[in-house]
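Worksheet: one structure, shown below.
In what follows, chains are A, B, ... by sequence order, proteins preceding strands, each numbered from 1.
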There are 2 protein chains.
Amino acid sequence: MPRTIGSYSQNTRTLVRQSAERLFARHGYAAVSMRQLASDVGVQVGTIYNYTKDKQALLFAIMSEHMTELLQAWSREWQSTDPIDQLSQFLNFHLDYHLARRDAVFIAYMELRNLDAANFEEIETLRRQYEDALEQILIAGKSAKAFDIADTRITTLAIIGMLTEVVTWYRPDGRLKLDEVKSHYREMVLRMVMPQTR
Amino acid sequence: MPRTIGSYSQNTRTLVRQSAERLFARHGYAAVSMRQLASDVGVQVGTIYNYTKDKQALLFAIMSEHMTELLQAWSREWQSTDPIDQLSQFLNFHLDYHLARRDAVFIAYMELRNLDAANFEEIETLRRQYEDALEQILIAGKSAKAFDIADTRITTLAIIGMLTEVVTWYRPDGRLKLDEVKSHYREMVLRMVMPQTR
DNA sequence: GTCTATATTAAGATAGAC
DNA sequence: GTCTATCTTAATATAGAC
C-alpha cells in the first residue's frame, strides 16, 4: 500500500516539537534531557540536533510561537464595540484558547526562568501585549462609564490570574462542564467591573 | 573578640535551608545542582549531605514546612465571626503572608512536578486544607445570606488564583503601596461575593 | 535524514581522612 | 562537622559513517 501523502507519518520536525511541548510541560524544561526527548520521538539523540540548534532554542520556539499565535488569534476574534460584549468575548476566548493548549500555556508560565536574558525580554514583551489587550477593553469601558474600575492595571492582572488558574484544575470529565465554568467566571468578572449599588 | 552566641554565625543547617530556598525559587529545583548549593552556602558538596538525605528531601522539607506554617499561621489569625470580616481577614492574611515569603510560595506552586509521588500527595493534602479554609468562610457566608455565590468551590479557586498572582508582580518599590494593593483586591473580591442589585 | 560513537562536562551521592 | 577524593551515571553537543 502506497504511503498517503502527509497523512500516516508525521515528519520528525513536528514530532520533536510535540514531544518537547508535552515533556517540558509534564516534567519541566530543566528536568527533561535531550535523550529523553529523542526516545519519546523515537529517534537517537543526534537526530534531534537536526531540528534545533540546542535545547534553549527549543524552549524559546515553543514559548514564542505560543504567544504569537495567541495574540494573532485574539486579533482575529474580537469585533464587538460594546464593552461588556468585548469583555465577555475575551473571557470566552481566553478560557477556550488556554484550555485547548494547556501544555504550551503551562510552559509559557512556568519556564520563564529558564530563558536566556534576550529570549526572556522577547517573551515578556509579547505577554505584556496580551495583558494590554485586556486592559484596553477595561479602559474603554471605564471611559464609556460602562465599567467602574479603580485601577485598570490591577484589575487586568487579577482577571488574567484568575482565568489562567483554571488551567491548573479544569478537567473535561470534571464536576462542571466547560460552559458552566465559563458562565461562572463571566459572572464573577462582570461583578468585579460593573457599576454597583451595594 | 568572643563570638556572640547565635548572632554572628548562623549554623550550616540554617544556611543550607536558606540557600536552597533562594536558589530553587530563582532557578528552579531541577536546574540547581548540589555543588551550586554548596558553593552558595560556602562549603564543599559533601557537607550538604550532613543536613539532608538527598536533594528531594530538601525540596520536600521546604514545601512541607511552608504549607504547615501557613496553615498554623491562619489558624492563629482568624477570629471574627462576621463573614465579611472573615473574608477581609483572609485576604489581608494571604497577601501579607505570601508577599513576605515569596520564595517558599514560588517553590510551593512551581515545583509540585518534581515531588515524588508520596511527597506530592502530602503537599496536595495541605494545599487542599488551605483552600478549604477559604471555602468554609464562603460557605458560612452564603448560608447566612451575607454572600451570593453560585459555586463556592469555583469562587474559592478564583480568589486564591487572583491573590497568588500578586506574588509574581508586586514589588515594594512599585507603583502601588501594599495597602493600596490590598484595598483594591478587597474591593474586587467583595464585589464578587456580595449580593448585588445590578 | 538518521545512526553510532565519542568528546567533554557535570550531575547525585558516598567513603574516609582530618 | 568539614574536606578531599572518587564512584557512577548521565548530561549537552558534535563528528562522521551510512
Under 3.5 Å, which protein N or O atoms sit close to an N or O of nucleotides 7-13 of chain C? Give each pair with its distance.
| unit_1 | atom_1 | unit_2 | atom_2 | d |
| --- | --- | --- | --- | --- |
| C:dA11 | OP1 | B:Ser33 | OG | 3.4 |
| C:dG12 | OP1 | B:Lys55 | NZ | 3.0 |
| C:dG12 | OP2 | B:Met34 | N | 2.7 |
| C:dG12 | N7 | B:Arg35 | NH1 | 3.0 |
| C:dG12 | O6 | B:Arg35 | NH2 | 3.1 |
| C:dA13 | OP2 | B:Tyr49 | OH | 3.1 |
| C:dA13 | OP2 | B:Lys55 | N | 3.2 |

Can you check nucleotides 16-18 of chain D for protein contacts, nitrogen or oxygen pairs under 3.5 Å, and list what you find?
none

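The salt bridge (Lys or Arg N to Asp or Glu O under 4.0 Å) search around A:Glu21 returns A:Arg17, not counting sequence neighbours. Residues passing the side chain to side chain contact (heavy atoms under 4.5 Å, CB included) test with B:Phe120 are B:Leu112, B:Leu115, B:Glu124, sequence neighbours excluded. For A:Tyr130, the ring pair (Phe, Tyr, Trp, His ring centres under 6.0 Å) criterion is met by A:Phe90, A:His94, not counting sequence neighbours. For B:Trp169, there are no ring pair (Phe, Tyr, Trp, His ring centres under 6.0 Å) partners two or more places apart in sequence or in a different chain. Considering only residues two or more places apart in sequence or on other chains, B:Arg22 meets the salt bridge (Lys or Arg N to Asp or Glu O under 4.0 Å) condition with B:Asp40. For B:Phe93, the ring pair (Phe, Tyr, Trp, His ring centres under 6.0 Å) partners are B:Trp74, B:Tyr97, not counting sequence neighbours.
Note on residues 23-53 of chain A: pairs passing ring-ring contact (aromatic ring centres under 6.0 Å, His included), not counting sequence neighbours, are A:Phe24-A:Tyr29.
For A:Val43, whose side chain is taken as the heavy atoms from C-beta onward, the closest listed nucleotide among D:dG1, D:dC3, C:dC3 is C:dC3.
Remark: A:Thr12 is not in phosphate contact with C:dG1, judged by side-chain N or O atoms under 4.0 Å from OP1 or OP2. Close to D:dT4, at under 4.0 Å from its OP1 or OP2, lies a side-chain N or O of B:Gln44.
Put simply, CG on A:Leu15 is 14 Å from C1' on C:dG1, counting in whole angstrom units.
Minimum heavy-atom separation, A:Lys55 to A:Val32: NZ-O, 2.7 Å.
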